[in-house]
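Inspection log for the structure reproduced underneath, given as C-alpha cells.
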Protein chains: 2
Amino acid sequence: MQRPELKKAGLRTTGPRLNILRVLETHAERHLGADEIYQLLLDAGEDISLATVYRVLTQFEDAGLVCRHNFEGGHSVFELETGRHHDHMICLETGQVTEFLSDDIERLQREIADLHGVELVEHSLILYVRPKKKSRDA
Amino acid sequence: MQRPELKKAGLRTTGPRLNILRVLETHAERHLGADEIYQLLLDAGEDISLATVYRVLTQFEDAGLVCRHNFEGGHSVFELETGRHHDHMICLETGQVTEFLSDDIERLQREIADLHGVELVEHSLILYVRPKKKSRDA
DNA sequence: CTAATTGCAAAAGCTTTGCAGCGCA
DNA sequence: TGCGCTGCAAAGCTTTTGCAATTAG
C-alpha cells in the first residue's frame, strides 16, 4: 500500500502515517483535533501515541497534505488539503463545522489588503452561528 | 481616581485594575497579550502578578470593557472595547496589527449565515499579510 | 467589619521534545 | 544496515485555580 503523497513528501510509509491519512479521509467532512484522531485510532484498535499524531500531522502540514485551523481556545483542527480553499462556520450550540466559500468576500479581502499597500498571504474567517429561533430576530 | 466603568461593572477600584486600564488606554493602537501587559506593568515598577492580569482581563471582558481576540497559537490579545466592531490584519513579517472594517464583508457574512438557515452570532476575520514587494507603493 | 481582591504556586489543557529502541527502505 | 520513526514521559506555554493574606468600601 504505497502512498504517493508520502513518497513525494519524503516521508516513509509507516503504519501511523497510513492510519492517520485514512482517518482524515474517512472523516473528510469533519474537522478533527489531534486528540480526536488519536482517540479514533485507539478505538479502532490501533496502537499509537498522541505524540506521534502531533508529529505526523505537523509533517503532513509541512508537506501540504493537511491544513491546520486554529479555532477558539488554542484548539487546532486538521483536515486534508483539498486545494479548494474555504472558510468555516461553527455552530455555538452543536459545535458543528460547516465549510463555505464566498468569492465576493475573497475578493474584498484582497482589495482591502491592496488598499493598505500589503499583500494578502492568507486569512482566517470563522463565523460563529446558532440555529435560527422560530421568530426571526430577538 | 474613580472609574465609572469599574463601578458600573460592580468591580472595586483597585490598583491592578486601574493600572491595567491605563496600560490598555496608553496602548490603544496595540493589541496586547496578557504577558505583555504584565511586563509593561513590571517595567513601570508596578507590583502585580500575571494571575491577576488574567483575572482582571477576564472580568473586564465579562463586563464588556475589553474584547479578547484569539490569534494563532493559542495566544490571546486584548483591546479596549470601543463599540466599533472591526477585524484585523496582521503583518507576518513585522507582527503589526491593523484594524479594518468592511461593511460589504459584514453584510456578506450575514447573508451566508442566512443562506445556511442560521443566525450569525459573531465572527473572526484575520488577514495575514506581508509588505508588498517591488511594485509601486508601500 | 466583611466580602472582594490579590499573590503565589500548583494545576490544567494542548502541543512539543529528549531519548532509547524499533522498523522501513 | 542505517537513519528515520515511534512511544513514553517529561517539559513548555498560555491560562486557570486553590488558598491564605490583604484591602476596598
Side-chain angles (χ1 to χ4, degrees), chain A residues 1-23 31-42 44-63 65-78 95, chain B residues 1-23 31-42 44-63 65-78 95:
Chain A
M1 151 143 33
Q2 297 304 49
R3 288 286 214 149
E5 53 265 63
L6 292 182
K7 274 279 164 49
K8 229 182 326 181
L11 298 172
R12 288 185 179 172
T13 304
T14 66
R17 289 189 182 137
L18 293 175
N19 286 330
I20 291 175
L21 266 187
R22 192 169 331 115
V23 166
H31 291 68
L32 303 169
D35 52 319
E36 293 175 294
I37 294 173
Y38 173 60
Q39 198 55 55
L40 282 169
L41 287 174
L42 287 190
E46 299 296 341
D47 193 12
I48 195 173
S49 81
L50 184 54
T52 296
V53 173
Y54 275 109
R55 265 187 296 234
V56 169
L57 285 172
T58 301
Q59 294 164 337
F60 283 3
E61 186 185 12
D62 292 342
L65 292 179
V66 309
C67 96
R68 172 194 302 234
H69 301 284
N70 294 288
F71 287 178
E72 297 294 287
H75 187 75
S76 296
V77 297
F78 301 81
Chain B
M1 154 149 23
Q2 297 303 46
R3 288 287 215 150
E5 53 265 63
L6 292 182
K7 273 281 164 49
K8 232 183 323 182
L11 299 172
R12 289 184 178 175
T13 304
T14 66
R17 290 191 181 135
L18 292 175
N19 286 330
I20 292 176
L21 266 187
R22 193 171 327 116
V23 166
H31 291 67
L32 304 169
D35 52 319
E36 294 175 293
I37 294 172
Y38 173 61
Q39 197 54 56
L40 282 169
L41 287 175
L42 286 190
E46 299 296 341
D47 192 13
I48 194 173
S49 83
L50 185 53
T52 297
V53 173
Y54 274 108
R55 264 187 296 233
V56 168
L57 285 172
T58 300
Q59 294 165 336
F60 282 4
E61 186 186 12
D62 292 343
L65 292 179
V66 310
C67 96
R68 172 194 302 232
H69 300 285
N70 294 289
F71 286 0
E72 297 295 287
H75 187 75
S76 297
V77 297
F78 301 82

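Below the 3.5 angstrom threshold, one finds a donor paired with an acceptor across the side chain of Arg55(A) and the base of dG18(C).
A straight line from CZ of Phe60(A) to P of dT6(D) spans 9 Å, rounded to a whole angstrom. Per the geometry, CD belonging to Glu36(B) stands 16 Å off P belonging to dC13(D), to the nearest Å. Between Leu42(B) atom CG and dG7(C) atom P the separation is 10 Å, expressed in whole Å. Between Glu46(A) atom CD and dT6(D) atom P there is a gap of 13 Å when expressed in whole angstrom units.
For dG7(C), one of the phosphate oxygens OP1 or OP2 lies less than 4.0 angstrom from a side-chain nitrogen or oxygen of Thr52(B). At least one side-chain nitrogen or oxygen of Thr14(B) sits closer than 4.0 Å to the OP1 or OP2 atom of dT6(C). Distances shown here put a side-chain N or O of Arg17(B) below 4.0 Å from the OP1 or OP2 atom of dT6(C).
A pairwise comparison of heavy atoms in Phe60(B) and Ile20(B) identifies CE2-CG2, 4.2 Å as the closest pair. Scanning both residues, His75(A) and Gly33(A), for their nearest heavy atoms gives NE2-CA, 4.1 Å. Between Val53(A) and Ala34(A), the shortest heavy-atom distance links the atoms CG1-O, 3.6 Å.
When distances run from any side-chain atom of Arg12(A) to the nucleotides dT16(D), dG2(D), dT14(D), the shortest one goes to dG2(D). The nucleotide whose nearest atom lies closest to any side-chain atom of Ser76(B) is, among dT15(D), dC8(D), dG7(C), dT15(D). Side-chain proximity of Tyr54(A) to dT15(D), dG7(D), dT16(C): nearest is dT16(C). Checked against dT15(D), dA25(C), dG7(D), the side chain of Ala34(B) finds its nearest nucleotide in dT15(D). Residue Thr13(B) has its side chain nearest to dG25(D) when only dG7(D), dG25(D), dT16(D) are considered. Considering only side-chain atoms of Leu50(B), the nucleotide from dT6(C), dT15(D), dT16(C) that sits closest is dT15(D).
Here Asp35(A) lies out of heavy-atom contact (under 4.0 Å) with every strand.
Sequence order on DNA chain C of the closest nucleotides to Leu11(B) and Tyr38(B) puts Leu11(B) first from the 5' end. In this structure, Val53(B) and Asn70(A) both approach DNA chain C, and ranking their closest nucleotides by distance from the 5' end singles out Val53(B).
Checking side-chain atoms of Arg17(A) against main-chain N and O of Val56(A) turns up no donor-acceptor pair under 3.5 Å.
Taken to the nearest 0.5 Å, the CZ atom of Arg3(A) stands 11.5 Å off from the OG1 atom of Thr14(A).
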